[in-house]
There are 2 protein chains.
Amino acid sequence: MEPNFNEKQICILQVAEKLFAEKGFDGTSIRDISKAAKINIAMVSYYFGSKDKMLEALVLFRTDDLAIQIENLLKESLSPLEKMGRLIDFYITRINQNKDIYKIMHFELSSKKRVLNFESFTQVKKRNVASLRQIITEGQDLGIFNLDVNIDLIAPTILGTFFHFQMNRPYYENIFDLHSDEVFENYVKTDLTKHIKRTINALLLYEK
Amino acid sequence: MEPNFNEKQICILQVAEKLFAEKGFDGTSIRDISKAAKINIAMVSYYFGSKDKMLEALVLFRTDDLAIQIENLLKESLSPLEKMGRLIDFYITRINQNKDIYKIMHFELSSKKRVLNFESFTQVKKRNVASLRQIITEGQDLGIFNLDVNIDLIAPTILGTFFHFQMNRPYYENIFDLHSDEVFENYVKTDLTKHIKRTINALLLYEK
DNA sequence: AAACAAATTAAACAAACGTTTAACTTAAAC
DNA sequence: GTTTAAGTTAAACGTTTGTTTAATTTGTTT
């Protein structure tokens with residue numbers, strides 16, 4: 001199951017990824033993709049077998065470099081609080097770079113249309129939660145972090161806040177006056193990231 | 001712009017809503033809908049004009065009762081903290097009941113495929129944020145709540161956490177052993193709601 | 001009972017869909 | 001230079017798509 005794609009295949013996958021994220025898998029035709037990628041319609045079937053298999057190839061292709069190496073964070077000599085801050089930065093940066101495939105996979109995950117194999121994606125998530133758990137229990141053992149925390153629900157809060165912001169982009173563009181890609185991106189990197197960090201910090205540090 | 005649908009139209013919209021949420025708008029054909037609703041394929045065009053216009057009708061139909069009357073909450077003689085708890089309960093209950101249309105609208109909002117009019121939806125959100133702001137500033141004036149809070153980003157945290165959990169249902173079913181609709185629903189109402197409340201409370205109360 | 005509009009139907013429509021074919025071009029191997 | 005395989009193409013394939021048609025049924029009004 002080692003994805004070994006050539007340049008042309010990768011080019012097609014990148015074009016498809018962009019279109020799937022913009023218009024959805026069912027909203028994007030092979031003709032749309034071949035037009036955008038400047039290839040013949042037959043090339044998709046030639047390289048991937050079918051449109052469905054191309055989606056599988058795309059998921060496989062992206063999941064491979066989605067594995068966040070937050071294991072390295074654990075080894076560094078930082079306080080648990082500092083580690084959490086770095087982890088959130090890392091999470092947001094990584095997901096911000098890969099938001100197209102995340103959007104596609106979120107749709108497919110909750111869709112009853114196709115059955116995709118998300119086993120490797122699940123494994124990545126479990127590994128990340130394990131690292132997160134290690135950081136938090138470390139902080140709890142030191143008496144710094146609150147004991148009354150549902151660790152498995154912290155990732156949904158971080159990622160959920162981020163994605164909800166992205167999905168409602170037109171609304172937030174409006175109320176925050178973020179009328180260009182650059183300004184919007186900048187708001188995510190500064191204010192939104194700050195809000196998420198503040199939220200997670202408060203959750204871990206606040207004693208009722 | 002008053003949506004005045006008869007019983008048959010409402011029945012069709014409800015069936016369409018379920019299918020759109022399950023398989024997406026483009027992944028659902030008029031024949032799928034007419035089969036599930038036990039009507040003739042021509043009835044969709046007859047009642048709504050087209051498939052696209054049916055989606056518009058659905059959005060209009062649902063947005064109308066999406067307006068959360070949290071204004072009433074403001075009047076009650078509760079502490080700001082109690083109001084926030086009630087507001088989160090209210091939010092989650094309401095969105096849990098309407099998660100199908102929310103899922104559809106979230107997809108359409110971030111989709112470049114169709115241009116839908118979300119003006120009334122935007123207005124509802126703005127009204128809700130205004131009420132939220134009133135509660136929080138009340139708490140801030142009383143010296144209870146933290147001043148360093150981005151109020152516009154609180155809703156994304158509440159809703160984002162909820163939706164991320166719903167979108168990744170297969171994953172959380174797995175790690176929390178929620179292998180039935182009832183058990184899953186129950187986890188949302190208890191543990192997930194508790195986590196969200198705890199998070200928002202900490203954010204509002206924690207002083208660094 | 002006749003007349004009328006509204007509701008419902010099966011059938012047909014053109015357009016778009018994913019996929020396959022068979023011919024052609026390119027590039028490497030011998 | 002011939003052979004062979006891989007890459008690329010335009011055209012056609014059979015389905016499925018959203019929509020329209022024209023005929024029929026239903027229910028209400030006169």
Side chains of F162(A) and V188(A) in contact at under 4.5 Å (non-hydrogen atoms) = yes
Centre of F25(B)'s six-membered ring, under 6.0 Å away, within 45 degrees of the axis: is that where NZ or CZ of K51(B) sits?
-> yes
Return the value, rounded to whole Å, for the distance between atom CZ of R31(A) and atom P of dT20(C).
-> 13 Å
Using only heavy-atom distances, determine whether the side chains of N128(B) and S131(B) contain a donor-acceptor pair under 3.5 Å.
-> no
In whole angstrom, give the distance that lies between atom NZ of K35(B) and atom P of dT16(D).
-> 10 Å
Rounded off to whole Å, could you give me the CD-to-C1' distance for the Q9(A) and dA6(D) pair?
-> 12 Å
Classify the nucleic acid contact of T28(A) as base, sugar-phosphate or nothing, counting any heavy atom under 4.0 Å across all strands shown.
-> sugar-phosphate
Does D32(B) use its side chain to pair, donor to acceptor, with the backbone of S29(B) at less than 3.5 Å?
-> yes
Look at the side-chain N and O atoms of S29(A) and state whether any lies under 4.0 Å from the OP1 or OP2 oxygen of dC17(C).
-> yes
OP1, OP2 of dT8(C) versus side-chain N and O of K8(B): anything below 4.0 Å?
-> yes
Report the distance from atom CG of L19(A) to atom P of dC17(C), rounded to the nearest whole Å.
-> 13 Å
Rounded off to whole Å, could you give me the CD1-to-P distance for the I30(B) and dT19(D) pair?
-> 5 Å
Could you state the CD1-P distance from I39(A) to dT9(D), rounded to the nearest angstrom?
-> 8 Å
Using atom NZ of K113(B) as one end and atom P of dA16(C) as the other, report the distance to the nearest whole Å.
-> 12 Å
OP1 or OP2 of dA10(C) less than 4.0 angstrom from a side-chain nitrogen or oxygen of N40(B), does that happen here?
-> yes
Given atom CD1 of I41(B) and atom P of dT9(C), what is their separation to the nearest angstrom?
-> 11 Å
Ignoring hydrogens and angles, state whether a donor on the side chain of N168(B) or K125(A) is under 3.5 Å from an acceptor on the partner side chain.
-> yes
Short N-O contact, E22(A) and K18(A), less than 4.0 angstrom = yes
Residues from residues 42-55 of chain B sitting under 4.0 Å of DNA chain D, heavy atoms only?
-> A42(B), S45(B), S50(B), K51(B)
Cationic tip of K8(A) above Y47(A) ring, under 6.0 Å, 45° of axis | no
